[in-house]
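The structure displayed is predicted, hence computed values, not measured ones. Order of the sequence lines sets the chain letters (A, B, ...), proteins ahead of strands, with each chain counted from 1.
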Amino acid sequence: METIPSILEERLKAAVEDPGPTPLSITSASDSRFGDYQSNAAMLLAKLRKSNPRLVAQQILDRLQVADICSSVEIAGAGFLNFRLREDWLQERVSQMKADPRLGVPSPLRPLGMVIDFSSPNVAKPMHVGHIRSTILGDSLARIAAFIGHNVVRDNHIGDWGTQFGMLLLGWKTILDRSALEQDPLLEMERIYKNVSARCRDDIAVLEKARHELVLLQTGDPENLLLWKEMIRLSQSQFDTIYGRLGVRFDVTLGESFYNERLKPVVEELKASRIARESDGAICVFSDGSHSQEEDVFLIKDKDGWRDNPAIVLKSDGAANYMTTDLATLQYRIETWHPDEIVYVTDGRQQLHFRQMFSIFRRWKPEAAATVRLSHVWFGSILGDDGRPFKTRSGETVRLADLLDEAEERSFAQVSERNPALPEAERREIARIIGIGAVKYADLLPHRQGDYMFSWERMLSFQGNTAPYLQNAYVRIRSIFRKLAEAGEAGEAWTPGAPLRLENGAEIALGKRLLEFGEVLPQVLQDHRPNTLANYLYELANTFHAFYEACPVLKSEGDQRASRLELCDVSARMLKTGLGLLGIEVPEKM
RNA sequence: GCACCCGUAGCUCAACUGGAUAGAGCAUCUGACUACGAAUCAGAAGGUUUCAAGUUCGAAUCUUGACGGGUGCACCA
């Protein structure tokens, strides 16, 4: 289904003499008194042509043919064109959208291949609150891209290689507590890692031993390889538990170790093509002078002036680092999936790394770089209510499993208070849906570039822009249909598909709101910003509640009743679908 | 020092990427339950968008400068 702005834009283009390359933007009206949609095209054109905006608007208006769509088009203010939709046309649009399984979301011109790299936990470390944003944001973007019609590869690039394994292996062989490992493998692995790592700092002999273990692993020592695989297995089972609770899945899980064979050739190619060279024993990429100093990611300024800020692709000890791995991974992804876009979902601190990585890639593989969009979708930190990074009361990192437990516990207490009569198992299930949903929604709602303050009270509140509020809107609708089904036994069954009649203000407002879904969703993906979708759903729930208060459904009669039931049904579907795209479930009761 | 991000109502956050009178929730105040779920709705009050200049029909948004905060800057990822 085409969106209303794109239909109006076509009409507008036809009415403009020599529209040029400038897009004629149509947006929904900023104030309903101005109409339903507005365009500032006349003002933009007037600026280009150095003429009067209102005059240009009048010229457009004289040739504009929208009588089948609009009841009025007016020139207002500095030269705005304000469109008011015909109510019969609007009603027809909502009916079409209702019958559309895509709920009015336009099909892409061409389905894109997208690789989304997100979550990326480390082996042998518990997943903690630092992983939550990448996991939830990446999952949501993947769901949205797939719904729109793109081909998505969800790739979990886990940290299963590197210097930490020397310490882990040494710890495993010397201080491992078997029973602790059985009880909580991640906790025990974390303990031995911290223990050895601390001793390495003070004692060069321990450090040497750890390095030796790492060399053994890297040269294929059977025992170390076996232990390493065991660590991965134990970690993966913990990841699976968390991902199961979050409802997150991956198409491929390829750890850093998977790219080992490709690292040396990458470095060789970069050296051969003179992109990288030796410096202080390491192989580095320096500026090629193709950018201004301020924009050059390989330069940095200090008090003595501009100096090199190279990216290291091979350390002086001959080992590769994450830049090398990321380049090899990028090469692999392009060879394997030929994607149109690769999305990296990580925190904002890695901006420089990705800018350097993308820059090296453009120099290394210019043809490939020209056909793939590389997007670093970065996000800010989660803060505690003290404005400092979110920690437990004792100052520890918050483990993700504990966070989810607490969300469900708090939610369970609320559900039990509201609905003590429900069986416990049902209350547990509702609490799970609300608790997990609240955490996800609180994470997706703020603009991703920027820190946000974590607050149980706010995210679990029933009022305001929260998951429970949205879920409640859905539950209220379902309750209507439950009532109807009970009555159905007396011969009042609901038959879907009745014609819509948008008669009063609240019905019309709801209809317009429902149509906006198709406008919002492509933009969400374009900007990689699910918070836009979250805000839309909040407004939808708001508009629905206003309709619900103003328009009795079950107490109305005949065609009106049938029409209102249709509006309820499509609103419920929209809420469920929209929340589903954020990875949030809805309960039937709460 | 340089780069990136941020500074919006008492608090927590939006603002369709330069549009018309900057919007929500919490907290405060007023009103609506013998009621399709009040976990809701209707309303009031709350703003020099940190400050100062500039760009133009028009700025929270762009430019420059100042002030304040976060993050990153050569072998950890």
Side-chain angles (χ1 to χ4, degrees), chain A residues 25 27-31 33-34 38 40 43-44 46-47 52-54 76-80 82 120 122 159 162-164 256 279-284 293-295 297 299-304 306-317 319 321-323 325-326 346-353 355 378 380-381 383 385 387 414 418 445-447 449-453 455 457-458 461-466 468-469 471-473 475-484 516 519-520 523 527 531-532 535-536 538-539 542 545-546 548-556 564 568 589-590:
Chain A
S25 80
T27 59
S28 50
S30 58
D31 187 318
R33 283 174 309 154
F34 299 135
Q38 65 182 41
N40 57 10
M43 276 127 64
L44 298 175
K47 187 169 267 183
N52 182 321
R54 289 191 66 109
F80 290 98
N82 289 334
S120 311
N122 290 314
T163 47
Q164 75 269 28
E256 292 168 336
S279 168
D280 288 347
I283 308 296
C284 306
Q293 290 172 324
E294 286 80 6
E295 288 170 5
V297 291
L299 290 179
I300 194 168
K301 194 179 180 184
D302 62 17
K303 48 187 173 295
D304 303 321
W306 292 96
R307 64 173 176 84
D308 288 318
N309 182 36
I312 292 169
V313 292
L314 196 70
K315 298 190 288 180
S316 52
D317 66 2
N321 63 3
Y322 74 126
M323 181 61 82
T325 313
D326 274 359
T346 82
D347 74 273
R349 288 175 302 191
Q350 296 185 41
Q351 281 179 88
L352 182 61
H353 166 71
R355 288 176 64 191
W378 60 270
S381 325
L383 307 176
D385 48 20
Q414 286 179 325
R418 289 276 168 193
L445 184 62
H447 188 117
Q449 296 173 336
D451 304 338
Y452 79 90
M453 218 170 262
S455 161
E457 287 71 26
R458 270 201 306 280
S461 168
F462 307 127
Q463 284 130 17
N465 198 348
T466 66
Y469 174 86
Q471 288 165 330
N472 179 54
V475 164
R476 284 178 113 183
I477 301 173
R478 299 305 304 155
S479 177
I480 290 177
F481 285 97
R482 265 200 306 279
K483 280 258 157 39
L484 194 67
E516 286 173 14
E519 302 165 27
V520 167
Q523 195 60 46
D527 299 338
N531 75 309
T532 318
N535 279 317
Y536 166 75
Y538 176 62
E539 283 169 4
N542 236 321
H545 276 137
Y548 181 94
E549 297 287 330
C551 304
V553 177
L554 293 176
K555 283 178 191 160
S556 57
R564 286 178 177 175
C568 286
K589 296 179 187 172
M590 62 191 281

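With centres under 5.5 Å and a plane angle under 30°, the ring of Phe34(A) is stacked against the base of rA20(B). In this structure, Tyr538(A) does not count as stacked on the base of rA24(B) under the 5.5 Å centre distance and 30° plane angle limits.
Within 4.0 Å (heavy atoms only), Asp385(A) reaches no atom of the nucleic acid at all. No engagement by Pro53(A) is indicated, since no non-hydrogen atom pair under 4.0 Å with the nucleic acid exists. If you check every strand for non-hydrogen atoms under 4.0 Å, Cys568(A) touches nothing. In this structure, Glu549(A) reaches the bases: a heavy-atom distance under 4.0 Å links it to at least one base atom across the strands shown. Ser279(A) comes within 4.0 angstrom of a base, heavy atoms only. Arg478(A) comes within 4.0 angstrom of nothing in the nucleic acid, heavy atoms only. As judged by a 4.0 angstrom heavy-atom cut-off over every strand, Pro310(A) is placed among the base-contacting residues.
Comparing rC4(B), rA38(B), rG25(B) by their closest approach to the side chain of Arg355(A) singles out rC4(B). Residue Lys47(A) has its side chain nearest to rG58(B) when only rG58(B), rG37(B), rA74(B) are considered. In this structure, of rC36(B), rG72(B), rA14(B), it is rG72(B) that holds the atom nearest to the side chain of Leu352(A). Checking rC16(B), rA20(B), rA74(B) against the side-chain heavy atoms of Ala76(A) singles out rA20(B) as nearest. Nearest to the side chain of Ile312(A), among rA74(B), rC57(B), rA20(B), sits rA74(B). The listed nucleotides are rA39(B), rC13(B), rG19(B); the one nearest the side chain of Phe462(A) is rA39(B). Among the nucleotides rC13(B), rA39(B), rA42(B), the one closest to any side-chain atom of Arg418(A) is rA39(B). The side chain of Asn542(A) approaches rC41(B) more closely than any other nucleotide in the set rC36(B), rA20(B), rC41(B). For Ile300(A), counting side-chain heavy atoms from C-beta on, the closest listed nucleotide (rA20(B), rG1(B), rU40(B)) is rG1(B). With distances taken from any side-chain atom of Asn309(A) to the nucleotides rA3(B), rU40(B), rC73(B), the minimum falls on rC73(B).
The separation of rC41(B) from rA9(B), taken at their P atoms, amounts to 25 Å, rounded to a whole angstrom. Here, rC51(B) and rC11(B) have their P atoms 15 Å apart, quoted to the whole Å. Comparing the C1' positions of rU28(B) and rC67(B) gives a spacing of 33 Å, expressed to the nearest Å. Rounded to whole Å, the P atom of rG19(B) lies 33 Å from the corresponding atom of rU40(B). rC6(B) and rU50(B) have their C1' atoms separated by 12 Å, given to the nearest Å. Atom C1' of rA42(B) sits at a distance of 40 Å from the matching atom of rC5(B), rounded to the whole Å. The P atoms of rA32(B) and rG69(B) are separated by 49 Å, rounded to the nearest whole Å. Atom P of rG37(B) sits at a distance of 23 Å from the matching atom of rC26(B), rounded to the whole Å.
Contact check for His545(A) versus Tyr469(A): side-chain heavy atoms found under the 4.5 Å cut-off. Residues Arg564(A) and Tyr548(A) fail the side-chain proximity criterion, which asks for heavy atoms closer than 4.5 Å. A 4.5 Å side-chain heavy-atom check between Leu299(A) and Asp308(A) finds at least one atom pair inside the cut-off.
OP1 or OP2 of rC41(B) lies within a sub-4.0 Å distance of a side-chain N or O belonging to Tyr469(A). At the phosphate of rG25(B), neither OP1 nor OP2 sits under 4.0 Å from any side-chain N or O atom of Gln463(A). Between rA15(B) and Asn531(A), a contact under 4.0 Å exists linking OP1 or OP2 to a side-chain N or O. Residue His545(A) has no polar side-chain atom (N or O) positioned under 4.0 Å from OP1 or OP2 of rU40(B). Checking the phosphate oxygens (OP1, OP2) of rG37(B), a side-chain nitrogen or oxygen of Ser479(A) falls inside 4.0 Å.
For rA66(B), the paired nucleotide is rU50(B), the pair qualifying as Watson-Crick or G-U wobble because both relevant distances are below 3.5 Å. Nucleotide rU61(B) forms no Watson-Crick or G-U wobble pair with any nucleotide shown, as no partner meets the under 3.5 Å limit on both distances. Judged by Watson-Crick or G-U wobble contacts below 3.5 Å, the nucleotide rU28(B) has rA44(B) as its partner. With a cut-off of 3.5 Å on both Watson-Crick or G-U wobble distances, the partner of rA20(B) is given as none. Pairing for rG72(B) is with rC2(B), a Watson-Crick or G-U wobble pair whose two hydrogen-bonding atom distances lie under 3.5 Å. In a base pair of the Watson-Crick type (N1 to N3 plus N6-O4 or O6-N4) or a G-U wobble (N1-O2 and O6-N3), with each distance short of 3.5 Å, rA39(B) is matched with no nucleotide.
Taking atom NE2 of His447(A) as the reference point, atom C1' of rG23(B) lies 17 Å away to the nearest angstrom. Between the NE2 atom of His353(A) and the C1' atom of rA77(B) there is a distance of 8 Å, rounded to whole Å. rG25(B) atom P lies 13 Å from atom CG of Asn535(A), rounded to whole Å. When rounded to the nearest whole Å, the span between CD of Gln449(A) and P of rA14(B) equals 11 Å. Between the CG atom of Asp451(A) and the C1' atom of rC5(B) there is a distance of 9 Å, rounded to whole Å. Rounding to whole angstrom units, CG of residue Leu554(A) and C1' of rG37(B) are separated by 12 Å. If you take CG of Leu383(A) and C1' of rU71(B), they are 12 Å apart, rounded to a whole angstrom. As rounded to whole Å, 11 Å separates atom P of rG72(B) from atom CD of Gln350(A).
Between the CZ atom of Arg478(A) and the CE atom of Met590(A) there is a distance of 14.5 Å, given to the nearest 0.5 Å. The distance from atom CE of Met43(A) to atom CG of Asn52(A), rounded to the nearest 0.5 Å, is 11.5 Å. One distance of note links CG of Asp347(A) with CG of Asp451(A); it measures 10.0 Å at 0.5 Å rounding. Taking OH of Tyr452(A) as the reference point, atom CZ of Arg458(A) lies at 10.5 Å (rounded to 0.5 Å). Put simply, CD on Glu539(A) and CG on Asn465(A) are 9.0 Å apart, with the number rounded to the nearest 0.5 Å. Taken to the nearest 0.5 Å, the OG1 atom of Thr466(A) stands 13.0 Å off from the CD atom of Glu457(A).
Along RNA chain B, the nucleotide nearest Asp31(A) and the nucleotide nearest Arg349(A) are compared for position; the residue whose nucleotide lies closer to the 5' end is Asp31(A). Nearest-nucleotide assignment on RNA chain B puts the 5′-proximal partner with Asn40(A), out of Asn40(A) and Ile480(A).
Of all heavy-atom pairs spanning Ile480(A) and Cys568(A), the tightest one is CD1-SG, 4.1 Å.
rU17(B) adopts a syn glycosidic conformation, its chi angle falling within 90° of 0.
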